[in-house]
Amino acid sequence: MDQELLLWVRGTGLQIATAVFVLGMSYRVLHLLLLGRKPSLAVARGSEWAGGLRTMWQRSFMLPSLSGRGLFTVIAGYVFHVGFLITLFFLSQHIDLFRAVFGFGWPALPRGVIDIAAVLAIGAMVALLVHRFIDPVKRLLSGFEDFLTWTLSFLPLLTGFMLLRNIGFEYLTLLTLHIASVELLMVVAPFTKLAHMFTTFMARWYNGAVNGFKGINA
Amino acid sequence: MKEHETLEQRLHEQGVSRRSFLKFCAAMATMMALPPGSATAIAAVLAKVKRPSVIWLSFQECTGCTESLTRSHSPTLESLIFDMVSLDYHHTLQAASGHAAEQAREDAMKEFHGQYLLLVDGSIPLKDGGVYSTIAGRTNLDMLQEAAEGAAAIVAVGSCAAFGGLPNAQPNPTGAVAVSDIIKDKPIINISGCPPIPAVITGVLAHYLTFGALPALDDQGRPKAFYGETIHDRCYRRPFYDQGKFAKTFDDEGARNGWCLYELGCKGPTTHNACATTKWNGGAGFPIEAGHGCLGCSEPKFWDVGSFYTPLPAPAADVTAFAQAAALAGAAAAVVLSTADRAKQRRAQRTRQKLTVSDLKGE
Ligand code: SF4
Ligand code: SF4
């Protein structure tokens with residue numbers, strides 16, 4: 001792997017990926033918002049905001065026992081998401097990137113914590129994939145997009161961990177692959193279910209707000 | 001044919017003792033990671049070989065590579081380069097000048113045709129017919145092609161000859177290229193670095209003389225023995241990198257504690273060179289020991305990867321403008337499409353026909 005390829009993924013490649021990602025996401029989010037709905041003429045029986053915020057909060061911390069999706073999926077799902085977000089936002093190298101782009105940074109977590117988070121996230125993803133194959137219902141429900149998004153989310157984690165721990169290939173190769181895998185994810189995300197990274201909380205707020213308006217305490 | 005003396009005779013003439021010659025061979029063996037005991041074998045071979053004729057061409061360069069070589073204090077490994085070879089043409093170092101100098105080059109080329117080593121430093125400008133660098137009225141391109149024709153092998157000394165270097169940096173006004181971009185039919189060995197480590201040049205020559213062949217090369221044409229590992233692989237600050245302890249500025253607590261220079265732009269992780277082990281200035285140290293990150297000088301395009309002080313993960317180009325334009329475009333697309341959606345919705349409402357009993361009857 002050579003320097004010019006690394007230069008490309010750090011330069012032109014990143015510009016393309018950022019443009020597609022931002023364009024796609026701003027389109028998706030704004031299009032959803034603009035769908036709007038007709039103003040309800042009914043008398044409000046509760047606050048939309050309170051209901052919306054409550055649901056945003058509650059759905060993020062649902063007790064596994066209350067979930068209809070099964071204990072395993074919920075726990076592995078949380079482990080993956082938390083691990084992924086910790087490595088994304090608290091690894092010093094990532095903060096270097098954010099600082100370079102946004103002009104500000106924040107303190108990093110110790111390397112040991114990052115390692116644990118990354119290993120847990122990788123383990124959870126593998127477990128979820130296996131479960132997808134074993135569980136008859138999940139298998140039936142899975143389609144191309146599910147495997148595509150799994151792969152695209154998994155590769156950055158894997159190459160990132162190998163890079164950090166000096167496993168397999170040399171730094172130049174792994175850094176190039178890592179950045180390229182993230183760019184692939186950025187390009188595809190807005191047009192798949194991965195767009196949930198921006199729309200999840202909007203959807204939760206919306207559900208909660210509807211219920212709140214009606215005075216439902218859920 | 002004129003024969004050069006052997007290295008042993010030459011060293012004897014120069015007053016270099018057998019002992020320091022053996023020390024040199026041992027150092028070479030270590031540097032090239034040869035098995036123990038090979039030092040004596042190297043010494044035996046080296047002592048007997050005829051010193052090869054070397055023609056050294058300097059093209060679009062700053063003379064830093066030659067400076068690097070000659071600034072070594074003798075008797076060092078580096079100075080032995082000049083004893084190992086018969087330098088028949090080097091326009092900075094030779095005494096002759098003008099026509100006499102060019103004559104010396106032509107004589108050597110004729111006499112040792114097919115056998116001489118061609119060392120090149122500096123890049124070769126191709127733009128506008130190569131007028132940006134000429135010697136004795138001839139373009140570098142012309143001279144290189146002529147000299148390469150009869151060379152046994154070519155050694156591209158320094159990042160300019162190896163990869164284009166500084167002259168090749170964007171926007172490359174002279175159309176500068178590397179030796180390997182022009183010469184395709186000769187073995188070329190790239191000894192990159194800005195400048196390259198003198199001991200590495202000596203090592204490569206010693207290898208060539210001892211084994212009669214070029215050493216194993218990496219995918220960039222560099223000898224693996226010296227460029228097989230990165231600065232980061234052998235950096236003494238590496239434990240701090242692994243622990244995530246970084247100096248944030250050149251004079252903070254971390255810098256004083258000797259922490260890793262990654263966040264200050266160190267390119268050690270992606271740079272293949274022997275600085276961390278062979279070191280500079282007779283083994284005195286290398287840049288990271290002086291508190292400055294590696295610039296990546298032995299890699300292609302090292303001038304074009306952004307500031308020397310930009311950390312590796314940071315973008316190499318501006319992404320903010322792209323993001324802003326993309327956000328606007330995305331928003332505009334959303335507005336346009338949802339307006340269209342609404343228009344369609346309204347049209348559908350306006351033109352909606354009420355369902356009648358006759359419809360249901362299927363009349
Ligand atoms: S100072 Fe540079 S080469 Fe040394 S460990 Fe840090 S990043 Fe690697
Ligand atoms: S430390 Fe890096 S920049 Fe400095 S001389 Fe060595 S390879 Fe070149």
Side-chain angles (χ1 to χ4, degrees), chain A residues 1-4 6-36 91-103 105 108-114 163-166 170-176 178-179 190, chain B residues 163 219-220 228-233 238 241-246 248 260 262-265 267-272 296 298-302 304-307 310-339 341-342:
Chain A
M1 197 75 53
D2 64 22
Q3 297 282 343
E4 299 194 27
L6 175 62
L7 182 59
W8 191 88
V9 293
R10 286 178 64 204
T12 314
L14 188 64
Q15 286 175 327
I16 296 173
T18 311
V20 174
F21 181 76
V22 174
L23 191 144
M25 282 301 183
S26 64
Y27 167 74
R28 287 291 297 260
V29 169
L30 201 69
H31 194 226
L32 266 182
L33 288 176
L34 289 176
L35 273 180
L91 172 68
S92 69
Q93 276 87 338
H94 293 162
I95 300 172
D96 291 345
L97 171 66
F98 293 126
R99 191 180 290 112
V101 174
F102 301 120
L109 279 175
R111 192 53 65 78
V113 178
I114 303 287
L163 179 60
L164 215 54
R165 281 292 152 221
N166 206 8
E170 66 166 59
Y171 201 100
L172 181 61
T173 312
L174 284 173
L175 182 60
T176 311
H178 180 60
I179 301 179
Chain B
F163 306 131
D219 58 350
Q220 302 286 342
E229 284 177 303
T230 63
I231 302 291
H232 185 67
D233 286 335
R238 180 61 184 271
Y241 172 88
D242 288 331
Q243 291 161 26
K245 288 183 174 158
F246 302 105
K248 309 274 176 195
C260 171
Y262 188 87
E263 294 193 357
L264 292 168
K267 306 291 183 293
T270 54
T271 304
H272 300 79
S298 56
E299 295 293 333
K301 299 268 171 211
F302 83 103
D304 289 328
V305 293
S307 158
T310 309
L312 264 179
D318 178 44
V319 291
T320 325
F322 276 76
Q324 282 162 348
L328 282 179
V335 171
V336 170
L337 287 177
S338 52
T339 318
D341 282 350
R342 278 186 200 191

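Values in this document were obtained by computation on a predicted structure and should not be read as measured data. Letters go in sequence order (proteins before strands), and every chain restarts at 1.
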Discussion item. Between B:Asp341 and B:Ser338, do the side chains contain a donor N or O and an acceptor N or O under 3.5 Å apart?
Written reply: no
Fill in: Which atoms of A:Arg165 approach chain B - backbone, side chain, both or neither, heavy atom under 4.5 Å
side chain
Worksheet entry | A:Glu4 versus chain B, the contacting section by heavy-atom distance below 4.5 Å | side chain
Worksheet item: What residue, out of B:Ala331, B:Gly244, B:Pro315, has the most heavy-atom pairs lying under 4.5 Å from chain A?
Response: B:Pro315
Worksheet item: In terms of heavy-atom proximity below 4.5 Å to chain A, should B:Leu312 be classed as side chain, backbone, both, or neither?
Response: both
Discussion item. I'd like to know which of B:Ala327, B:Pro311, B:Ala321 tops the heavy-atom pair count under 4.5 Å against chain A.
Written reply: B:Ala327
Worksheet item: A:Leu30 and B:Ala334: which non-hydrogen atoms are nearest, and at how many Å?
Response: CB-CB, 3.7 Å
Fill in: Note, A:Leu164 side chain near A:Leu91 side chain (heavy atom, < 4.5 Å)
yes
Discussion item. Less than 4.5 Å to any heavy atom of chain A: does that hold for the side chain of B:Thr320, its backbone, both, or neither?
Written reply: side chain
Item to complete: Among the options B:Asp233, B:Leu328, B:Asp242, pick out the one with the most heavy-atom pairs lying under 4.5 Å from chain A.
Response: B:Asp242
Discussion item. For a quick check under 3.5 Å, do B:His272 and A:Glu170 share a side-chain donor-acceptor pair by atom type?
Written reply: yes
Discussion item. Using side-chain heavy atoms (C-beta onward) and a distance below 4.5 Å, is A:Phe98 in contact with B:Pro313?
Written reply: no
Worksheet item: Taking atom CG of A:Asp96 and atom CZ of B:Phe246, what is their separation to the nearest 0.5 Å?
Response: 7.0 Å
Item to complete: Select one option (side chain, backbone, both, neither) describing which atoms of B:Tyr241 are under 4.5 Å from chain A's heavy atoms.
Response: both
